[in-house]
Structures are given as structure tokens and as C-alpha cells.
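What you are looking at is a predicted structure, and each value in this text was computed from that prediction instead of being measured.
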Amino acid sequence: MQAPPTLPRWHRRSRALGLAALAASLLMAFPTAQPAFGDAAEEVPGGGDLGPNVLVFDPSTPDIQGKVDEIFEKQESAQFGSDRYALMFKPGTYDDINAQIGFYTSIAGLGLNPDDTTFNGDVTVDAGWFDGNATQNFWRSAENLALNPVSGTNRWAVSQAAPFRRMHVKGGLNLAPDGYGWASGGYIADSKIDGEVGPYSQQQWYTRDSSIGGWGNGVWNMTFSGVEGAPAQSFPEPPYTTLDSTPVSREKPFLYLDGDDYKVFVPAKRTDARGTTWANGTPEGESIPLDRFYVVKPGATAQTINAAVEQGLHLLFTPGVYHVDEPIEIDRADTVALGLGLATIIPDNGVTAIKVGDVDGVKLAGLLVDAGPVNSETLVEVGPDGASADHAANPTSLQDVFVRIGGAGPGKATTSIVVNSDDTIIDHTWVWRADHGEGVGWETNRADYGVHVKGDDVLATGLFVEHFNKYDVRWSGENGRTIFFQNEKAYDAPDQAAIQNGDIKGYAGYKVDDSVTTHEGWGMGSYCFFNVDPTIRQQHGFQAPVKPGVKFHDLLVVSLGGQGQYEHVINDTGSPTSGTTTVPSQVVSFP
């Protein structure tokens with residue numbers, strides 16, 4: 001994320017509040033009991049309760065506002081805390097609600113469609129905890145609700161890793177904090193905003209397969225694909241990149257109630273998508289009963305999780321932090337692994353956290369992977385090295401899968417995400433080497449590479465990757481496509497020599513291998529803020545082979561506060577950044 005150099009980077013620890021009684025009173029039970037964790041269990045039962053940190057409300061629940069406020073007070077400034085919460089609302093109408101959403105908190109309706117669960121009120125994110133600066137409003141989400149905002153406009157002032165999915169706002173949507181302070185978002189998908197979206201101070205934003213009543217302005221990079229009501233293509237003035245449709249998309253799975261039974265709905269894949277999946281009624285897809293899921297709770301071992309997958313169960317991670325001493329292995333086609341409340345997986349002893357086989361249709365969604373103190377060669381692997389199966393008809397997807405290295409404590413990884421399987425969809429990810437928090441330093445939270453795509457025909461929609469020691473994104477596969485990219489180079493490079501890449505000054509934020517013949521990208525920005533050594537020069541934000549099949553549209557680079565400078569935008573094309581002001585360089589289409 002970006003903050004002006006005059007503002008401090010810091011976090012405050014949350015206040016401890018006793019919520020055990022609250023959680024227990026709202027715990028939703030299911031008929032199948034949860035087994036003891038460990039290797040002794042011969043069979044892993046499906047179903048079970050959702051644990052103490054999933055709070056389920058219905059319109060008759062007493063003092064909903066007080067309970068939601070209690071969670072917010074605990075989570076408002078808990079940027080690197082360990083508590084996780086999911087606030088789930090049964091279908092119905094809720095009056096006079098203002099649900100303020102803090103760190104590691106997800107709010108969602110439990111209907112099949114957003115309009116099944118209506119708030120006469122708001123779902124709010126603001127930045128009072130950080131003096132009106134929203135650039136650190138990460139790790140939270142809103143999903144599957146209809147809102148009638150009290151003032152006519154709902155405020156959602158977020159930055160990275162804060163998805164707004166399947167929402168119906170019957171009014172306007174304000175993406176800036178009170179006072180219009182700094183903000184660095186963000187992502188909307190499968191949503192309908194009847195009024196205007198006002199980004200105001202938002203530096204960049206990506207909106208996919210939605211419907212909006214209008215769009216107010218743009219700062220650096222506003223990108224739209226498949227959005228009814230989107231502004232016309234006009235980059236760089238205003239900085240709108242607009243695609244009529246999204247080539248391939250599949251919405252994130254979600255928990256809902258079918259009568260009294262909990263199920264997970266898995267939306268169908270769409271091609272050339274435009275607008276929401278639910279505008280014409282029930283969306284296309286598959287409903288999976290909860291008893292076909294292993295309901296994972298803190299304390300579960302990787303061995304038990306893997307046994308559940310081998311047994312044929314899907315995975316539903318309840319809110320919490322999970323340590324694994326071996327990879328979670330998903331090698332069965334069509335397996336769903338869905339996290340609630342920013343469920344977090346930490347690999348111990350340098351293992352990979354999640355490995356997906358070269359199989360059809362795996363869905364990873366709603367998970368945060370936090371690197372451990374012992375270096376992991378990789379954190380998430382999609383397909384083994386050399387994977388070659390064709391998954392065009394039923395691709396694997398990663399949605400709201402976030403990676404963090406450092407910040408909450410020491411963490412290291414050589415490469416965060418490696419995608420080997422062909423046709424994979426990467427739909428909204430923030431892969432972040434921490435620039436603030438605990439365990440932060442050029443070598444302390446060393447992480448050379450963010451995302452490495454080796455598979456062919458991979459599509460990224462909403463790719464946020466920041467601060468890696470070398471390449472943030474490296475693309476080796478053929479026919480790759482990226483719609484929207486946001487990047488910052490590592491702030492903490494100690495000097496020019498530390499980032500030197502042979503005879504090139506620095507590693508590109510987005511690198512396409514010389515061997516690639518076909519690649520395309522739209523709406524892509526790379527920013528620098530070398531605050532340790534402001535004399536550092538970055539040769540370019542983007543590097544790619546000059547070939548007819550390699551095309552980029554609407555690229556930009558930005559020097560934040562003149563701390564460091566880009567000499568070019570892509571390869572040797574594009575003018576230098578100013579070096580003294582926070583402005584984009586000449587923006588280019590390439591070649």
C-alpha cells in the first residue's frame with residue numbers, strides 16, 4: 001500500500017475483550033459432532049458446528065448492534081492480531097444497523113442471493129484508528145448483502161485484501177475515509193451499486209462483472225472488466241481502462257442457508273462475463289451440503305486435513321490461525337477449500353502451506369497464508385512442476401487467497417505462489433512482503449519472488465503484489481493475461497547495489513520471460529518509494545520481450561514523494577518519473 005512519506009507506518013495492538021460468552025450464545029450447532037483432532041481418528045466426519053468465532057444472527061437476535069460493535073472495538077486496530085471473526089446474517093430484514101468492520105472480520109448474508117438479506121443501514125469501513133489514513137485497512141470482507149444506506153451512501157474505505165463481493169448497495173458507495181484521506185484499494189466483484197461509486201482519494205481500483213450507476217473519478221489506475229455502467233475507455237485522462245467483458249470468471253464459493261440446512265454454493269464458470277451472476281434470479285452453479293465438508297477448527301493437524309480430502313470431503317476452515325507441519329495436499333478434482341473470517345495458515349519448519357495437484361476445478365478461497373520464521377521454498381503451489389494437463393473446461397481458481405511475509409512476526413519464503421497448472425484463474429490476491437510491523441527488514445523477512453506463473457493460459461483478474469526483494473511477478477507460461485496489476489517495489493532496499501540485476505537497475509515489478517511469445521495485460525501500475533536510499537534508480541517497472549504477441553495496455557509507474565525514480569515504464573520505453581513529485585511518468589501502451 002501507499003502512504004505519504006510524512007505519515008508514520010505503525011500499528012496498534014487490539015484491546016482484549018471477553019467475547020467467550022457472546023460467541024457461545026450465538027454458536028450454531030449441527031447434528032454431526034466434531035471429532036477429536038489427530039492421527040488416531042480412523043474416519044473424519046463431515047459437518048459439525050462452525051466454532052465460536054462464527055456468529056450467526058437472525059432479525060430477532062437481541063442487541064445485534066451492541067454485539068457487532070463489541071467485535072469492532074476488539075478488531076478495529078488489531079492489524080497483526082490473532083483473532084478472526086465471521087459475522088453471518090440469516091435471510092431477513094435488519095433495521096438500524098451500522099456494522100463497522102475491522103481487521104480479520106468478514107460479514108456476509110446467508111441467503112442464496114444478496115437481496116435475501118437486507119440491512120436498512122450500513123456496512124462501514126473508515127480510518128479513524130489511523131488518523132484518517134486508510135492505506136492500512138487490510139484483511140476484511142463484505143459479501144452477499146443488500147444495503148439501504150442511512151445517508152444514501154455506504155462508506156467502504158479500504159486498501160488491499162478487502163474484497164466487496166455479491167453486494168447490492170441501494171444507493172451510492174464511497175471508497176474514501178471520512179475527511180478524504182489517503183486510500184490504496186481495492187476490489188469489487190459480482191456486485192450491484194445502484195448509485196454512483198465515489199473513489200475520491202483511492203489511488204487504484206479494480207471492478208469485475210458488476211453493475212454500477214456511475215463512477216466519480218480516478219487517481220492513477222481505475223480498471224473495469226464486464227461492468228455495466230462503467231466509464232468508457234479513456235486512459236490516461238481520466239485513468240480508466242475498460243474491457244467490455246471478462247474472458248473467464250467464476251465467482252467465489254460461499255456459505256448459505258437452504259431452509260435450516262447449511263450448504264456451500266459453488267458458482268459456475270462463465271466466459272465473456274458481464275454483469276452479476278444473480279441479476280436474473282438464482283445463479284448457475286452447484287450446492288454442496290455441509291456434511292460433505294470437513295469443518296476445520298484451530299488445533300486441526302495437516303494430517304487430519306489431508307485425511308479428510310483423501311476421504312472425499314471438502315474443507316471449510318472456520319475463523320482462526322492454523323499451524324501445519326506438512327503441506328495441505330489437495331489432489332482431488334473439484335475440491336473446495338473455503339476459509340471463513342480470514343482463516344490463516346502458517347507453515348512450520350519451512351514446509352509449503354498448500355499444494356494443489358494437476359487436477360480439474362479445485363477452488364481455494366478466503367484464506368490468508370502467513371509465512372513462518374523458517375524459510376519456505378514456496379507457500380502455495382498450484383500443480384506440480386511440469387504440470388501439463390488441460391483444464392480449460394474446468395480450471396482451478398484462487399479467490400481472495402492472500403499471502404503475507406513478515407508483519408505479524410518473522411517470516412521468510414523464496415517464492416510465495418507458484419502456478420504450474422494450465423488455465424488457472426487467479427481472482428483477487430494480495431501477495432505482500434511486509435513493509436511495517438514486526439519481523440521486517442531487507443534480510444529479516446527475505447522473500448525474493450511474489451508470484452511465478454509457469455502454466456499456460458493462466459488469467460489473473462485483480463493482481464496485487466508488493467515489496468519483494470527481486471521480481472514481484474514473473475511470468476514464464478504462454479498466453480498469460482492480467483487484468484489490473486498493482487505493485488510497489490520494496491521500500492527498504494539499502495542501496496543501489498542491493499537491487500542490481502546484472503546490468504539492469506533493479507528487478508521489474510512484472511517480468512515476462514524472454515521465451516514467451518504471447519502475453520497480454522491491461523491496467524497495470526508499479527510504484528516506488530525507496531525511503532532508505534532515495535537515490536536508488538529502478539530501470540523500469542515492467543520487462544517483456546518485444547514480440548508481436550506480447551501486448552500491454554495502459555501501463556504506468558509512479559515515484560511516491562520522489563523517493564527513488566523509474567527511468568522507464570517498460571523495457572526502455574517511457575519517460576523517467578519526476579523524482580521530486582508524486583506523479584506518474586509518461587504512460588504507455590506496448591509495443
Side-chain angles (χ1 to χ4, degrees), residues 37-39 80 82 84 139 161 296 298-310 315 317 320-331 337 339 342-358 362 364 367-387 398 401-421 429-435 437-454 465-474 476 490 492 498 507:
F37 297 119
D39 297 331
F80 297 112
S82 58
R84 307 285 186 269
W139 302 308
V296 191
T301 65
Q303 292 90 340
T304 302
I305 294 169
N306 288 338
V309 174
E310 291 173 6
L315 302 173
F317 290 85
V321 177
Y322 300 84
H323 284 264
V324 295
D325 59 2
E326 64 182 62
I328 294 171
E329 304 257 12
I330 301 175
D331 200 24
L342 282 296
T344 301
I345 300 170
I346 302 176
D348 294 331
N349 303 318
V351 303
T352 297
I354 302 172
K355 290 186 176 181
V356 178
D358 194 23
V362 173
L364 298 182
L367 296 168
L368 170 60
V369 177
D370 211 346
V374 177
N375 186 74
S376 293
E377 191 65 25
T378 59
L379 292 172
V380 178
E381 292 182 15
V382 181
D385 195 37
L398 283 68
V401 174
F402 308 127
V403 172
R404 178 173 65 194
I405 299 164
K412 292 185 177 182
T414 304
T415 305
S416 292
I417 298 177
V418 178
V419 177
N420 292 306
S421 288
T429 185
W430 186 39
V431 183
W432 185 59
R433 175 181 167 265
D435 64 294
E438 297 180 5
V440 171
W442 184 250
E443 296 296 342
T444 305
N445 62 330
R446 181 85 194 186
D448 283 350
Y449 309 106
V451 177
H452 190 180
V453 178
K454 300 180 182 180
V465 189
E466 298 187 295
H467 305 152
F468 286 83
N469 294 75
K470 293 185 178 179
Y471 294 123
D472 296 274
V473 172
R474 180 182 172 190
S476 304
D492 56 345
Y507 290 79

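Note that the CG atom of Asp325 and the CD1 atom of Ile346 stand 13.0 Å from one another [nearest 0.5 Å]. Of the inter-residue distances, the one linking Glu326 atom CD with Asn349 atom CG reads 11.5 Å to the nearest 0.5 angstrom. Note that CG of Asp385 is 10.5 Å distant from OG1 of Thr378, once rounded to the nearest 0.5 Å. With rounding to the nearest 0.5 Å, the separation of CG in Asp331 from NZ in Lys355 is 11.0 Å. From Arg404, atom CZ reaches atom CG of Asn445 across 11.5 Å, with rounding to the nearest 0.5 Å. Here CG of Asp435 is found 4.5 Å from NE2 of His467. Values are rounded to the nearest 0.5 Å.
With hydrogens and angles ignored, the 3.5 Å screen pairs no side-chain donor or acceptor of Asp370 with any backbone N or O of Ala408. With Asn469 contributing its side chain and Trp442 its backbone, the two residues share a donor-acceptor pair below 3.5 Å. Between the side chain of Arg433 and the backbone N or O of Ile405 there is no donor-acceptor pair closer than 3.5 Å. Not a single donor-acceptor pair under 3.5 Å links the side chain of Ser376 to the backbone N or O of Ala413. A donor-acceptor pair is defined here as one N or O able to donate and one able to accept, closer than 3.5 Å; no such pair exists between the side chain of Tyr322 and the backbone of Phe317.
Residues Ser416 and Tyr449 are not in side-chain contact: their nearest non-hydrogen atoms beyond the backbone lie 4.5 Å or more apart. Between Phe468 and Tyr507, every side-chain heavy-atom pair lies at or beyond the 4.5 Å cut-off. Taking 4.5 Å as the limit, some side-chain heavy atom of Ile328 sits within range of a side-chain heavy atom of Asn306.
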query: What do the steps show when you test Lys454 against Val418 for side-chain contact (heavy atoms from CB on, under 4.5 Å), and what is the final call?
result: CA-CA 7 Å; Lys454 300 180 182 180; Val418 178; 4.3 Å; yes
message: The test is side-chain contact (heavy atoms from CB on, under 4.5 Å); show your working for Leu315 and Val309 and say whether it passes.
response: CA-CA 7 Å; Leu315 302 173; Val309 174; 3.7 Å; yes
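Using modelled atom types and a 3.5 Å distance limit, the side chains of Asn375 and Arg446 yield no donor-acceptor pair.
Counting all heavy atoms, side chain and backbone alike, Asp358 lies closest to Ser421 at OD1-OG, 3.0 Å. Closest approach of Pro347 and Leu379 over heavy atoms only: CG-CD2, 3.7 Å. The nearest pair of heavy atoms linking Pro298 to Val321 is CB-O, 4.2 Å. When all heavy atoms are compared, the tightest approach of Gly357 to Pro384 is C-CD, 4.3 Å. The heavy-atom pair separating Gly407 from Val440 by the smallest distance is N-CG2, 3.9 Å. Counting all heavy atoms, side chain and backbone alike, Ala302 lies closest to Pro327 at CB-O, 4.5 Å.
The pair Arg474-Asp448 does not count as a salt bridge, with every side-chain nitrogen at least 4.0 angstrom from each carboxylate oxygen.
Checked against Leu398 for a side chain to side chain contact (heavy atoms under 4.5 Å, CB included), the options Thr429, Ile354, Leu367, Leu364 give a single hit: Leu364.
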